[in-house]
Every structure is written in structure tokens, then in C-alpha cells.
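Everything numeric here is computed off the predicted structure, so don't read it as measured data.
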Amino acid sequence: MTYQHRTLAAAAAIAWLPLAGYAQDYTPDIAEFALDTGLSFAGHPAFNMGEGGTIEFWVAPDWEDDPGYDPVVLSSDGEQQLSYVFSMLGDKSGFVVQTSDEIGEVDFNFGDGALHHVAVICLDEAIVVMVDGQPLDELPFTLPNEAPVQFYVGSINGEALPFVGAIGGLRFWDVALEPEELVTWAMLDPLDPEFLHPDVTALGAYSDLTQQTIEVSDFLWGDEDDAAPITLVEATQ
């Protein structure tokens, strides 16, 4: 497959909205993170992108000076190694995808203080990063096929390399979604019974970070052993 193509505070806004119309009253679940408020969740197969898939989320940084490190948005630990880390450059000029063996960076200016929609699309031999509906680059590696042991939002291990700002709207898909689908559904509820996402059976999990939860999708896990809710292991706030 080749790709061609609510807020920090009352003052922050969503930087980009899809061109497609949407009638639902939908707002991404957005949580604010500070230096000591990372969230840790138990591992779940939905977090494993080693055989392909898509992770999408909304993010906005809320720091002024470069902290001297790249704040971590999401990270996943496997049994034997680090599965993946998604981070933002400290100067807010780009986005980083990292595994134990590989690292790739794409350029994007996150410095406007607004929420931006990010999608990490895992293909057979590459990773495509999209921001606000635009594919930015194709990274020449894949994420390891490693069973997740623990998953973190806003840090690399619940504490280190903390992200300060807003994160939310996490969706974990078992397929590599097309860019057009991501654009259309970024501000739609994929589980709305009157307007289900066409790939809803591939939705593995989705967040409600306002309640510090990541929910398992019944469509993918309803009849399997992994259908239990994903537990919050540690909230350092």
C-alpha cells in the first residue's frame, strides 16, 4: 500500500477539521498532562502493531522552552524490548517514532498551541505518519511484533520524559486505514450505531482519557479472552 496523498484550556483550539461533513455532537476525549501526570495501563494485544494497524490520537504541547528532551506522547513495553515510543521534538518542530532498533523523524510545526490529529499507519515494510489529514513521510521500518506488557500515555515509563500538554482521542485499529478514512472519521464517533465506521470490526481499543480509561472494542474482542477492560495500572497524578 502506498500513500500519495477538548483543549489545553479554553484558549486552545482544534487546528484542523476534516472537510467531510459531520452531524454528530462529537468531541475527542482530551486529558491534560503535566510533569508528573503520566498514565500507565496494562498491556493488551490491541496495542501491538507488529502485524500492521493504525494508531490515531489528538495532541497539543503546552511548554514554551525546549525541555532538553523529546516529550513522550505514547509508549509500549514488550516482554523483551521496547515496542515503540511516539514522541514530539522538544522544540515542537517534529514527531518521532522509535523502537529498540530504529528511529524515524518527520517534520511538522506543533508550536501553534492547537490540537493536532496524528495517525501512525503501520504497513508491511514501512510506517506512514499523518498529521491533520496529510501524509508527511514514510519511515523505512516497522514496529516489532511484541506482546505488550505495559502501555503509557504522557511518558516513557509512567514518569520519565514527561509530556506537558493535551493528549486524547486514542484509537487502535487492527488494519492500516486509508488516509481518506482517517480524514473523514477524525471527528466522528466510529461506534455510532447509526453511522458505523466501515472498518469498525477492526477497532481494537479506544480511549476515554477524561476518565483515565482505554476501552476494549466488542467488535474485535467480544468473544475472545482479551475482551476484559484494559486496567489502569498507575496514575501518577
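A heavy-atom distance below 4.5 Å is not found between the side chains of C122 and E51. Annotation: side chain of N157 is in contact with side chain of E159 (closest heavy-atom distance under 4.5 Å). Between T210 and D29 the shortest side-chain heavy-atom distance falls below 4.5 Å. Using a 4.5 Å heavy-atom cutoff, the side chains of Q98 and I156 are not in contact.
W173 CH2 to L182 CG: the interatomic distance, rounded to the nearest 0.5 Å, is 8.5 Å. If you take CG on D66 and CG on D91, they are separated by 5.5 Å, rounding to the nearest 0.5 Å. In this structure, CD in E181 is found 8.5 Å from OG1 in T54, a value given to the nearest 0.5 Å. Note that the CD1 atom of I55 and the CG atom of L143 stand 7.0 Å from one another [nearest 0.5 Å]. Between the CD1 atom of I121 and the CD atom of E138 there is a distance of 10.0 Å, given to the nearest 0.5 Å. Atom CD of E102 and atom OG1 of T142 lie 8.5 Å apart (nearest 0.5 Å).
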The test is side chain to side chain donor-acceptor pair (under 3.5 Å); show your working for T99 and D101 and say whether it passes. CA-CA 5 Å; T99 70; D101 302 316; 5.3 Å; no

Begin with the C-alpha distance, continue with both residues' side-chain angles, and end with the deciding distance and a verdict on side chain to side chain donor-acceptor pair (under 3.5 Å) for D77 and Q150. CA-CA 5 Å; D77 277 348; Q150 203 145 330; over 6 Å; no

If you apply the rule side-chain contact (heavy atoms from CB on, under 4.5 Å), what do you find for L177 with H197, and how did you get there? CA-CA 11 Å; L177 296 179; H197 191 288; 4.2 Å; yes

Report the C-alpha separation of N48 and N145 in whole Å, then their side-chain angles, then the decisive distance to 0.1 Å, and conclude whether the side-chain contact (heavy atoms from CB on, under 4.5 Å) test is met. CA-CA 7 Å; N48 182 6; N145 190 3; 2.8 Å; yes

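Cluster annotation: V85 and L89 are assigned to distinct hydrophobic clusters (Ile/Leu/Val/Met/Phe/Trp/Tyr, side-chain heavy-atom contacts under 4.5 Å, transitive). Cluster annotation: Y152 is not connected to V216 through the hydrophobic network of ILVMFWY side chains, with a link wherever side-chain heavy atoms come within less than 4.5 Å. Residues Y69 and V97 share a single hydrophobic cluster, defined by chaining ILVMFWY side chains whose heavy atoms lie under 4.5 Å apart. Under the 4.5 Å side-chain heavy-atom criterion for Ile, Leu, Val, Met, Phe, Trp and Tyr, V149 and L39 are members of distinct hydrophobic clusters. No chain of hydrophobic side-chain contacts below 4.5 Å, direct or via other Ile, Leu, Val, Met, Phe, Trp or Tyr residues, connects V96 to L74.
Checking side-chain atoms of S155 against main-chain N and O of G38 turns up no donor-acceptor pair under 3.5 Å. In this structure a side-chain-to-backbone donor-acceptor pair under 3.5 Å is missing from D174 to G53.
Test V120, D107, L136, V131 against F95 for side chain to side chain contact (heavy atoms under 4.5 Å, CB included) and you get one pass: V120. No option in F110, F86, W63 other than W63 meets the ring-ring contact (aromatic ring centres under 6.0 Å, His included) test with F163. When F151, F41, F57 are each tested for a ring-ring contact (aromatic ring centres under 6.0 Å, His included) with F172, only one passes: F151.
Taking the ring centroids of H116 and F108, they lie under the 6.0 Å cut-off.
Nearest approach of L35 to V164, heavy atoms of both residues: CD2-CG2, 3.6 Å. L203 approaches P190 most closely through the heavy-atom pair CD2-CG, 4.1 Å. A166 and L115 make their closest contact through CB-CD2, 4.0 Å (heavy atoms, listed as atom of the first residue, atom of the second, distance). Among all heavy-atom pairs drawn from G158 and S40, the shortest one is CA-OG, 3.6 Å. The heavy-atom pair separating P148 from P45 by the smallest distance is CD-CA, 4.5 Å. Residues P144 and L82 come closest through the heavy atom pair CG-O, 4.2 Å.
In the displayed structure, Q80 atom CD is contacted under 6.0 Å by at most 12 heavy atoms of other residues, nucleotides or ligands.
Checked against salt bridge (charged side-chain N to carboxylate O under 4.0 Å, His left out), E56 has the following partners two or more places apart in sequence or in another chain: R171.
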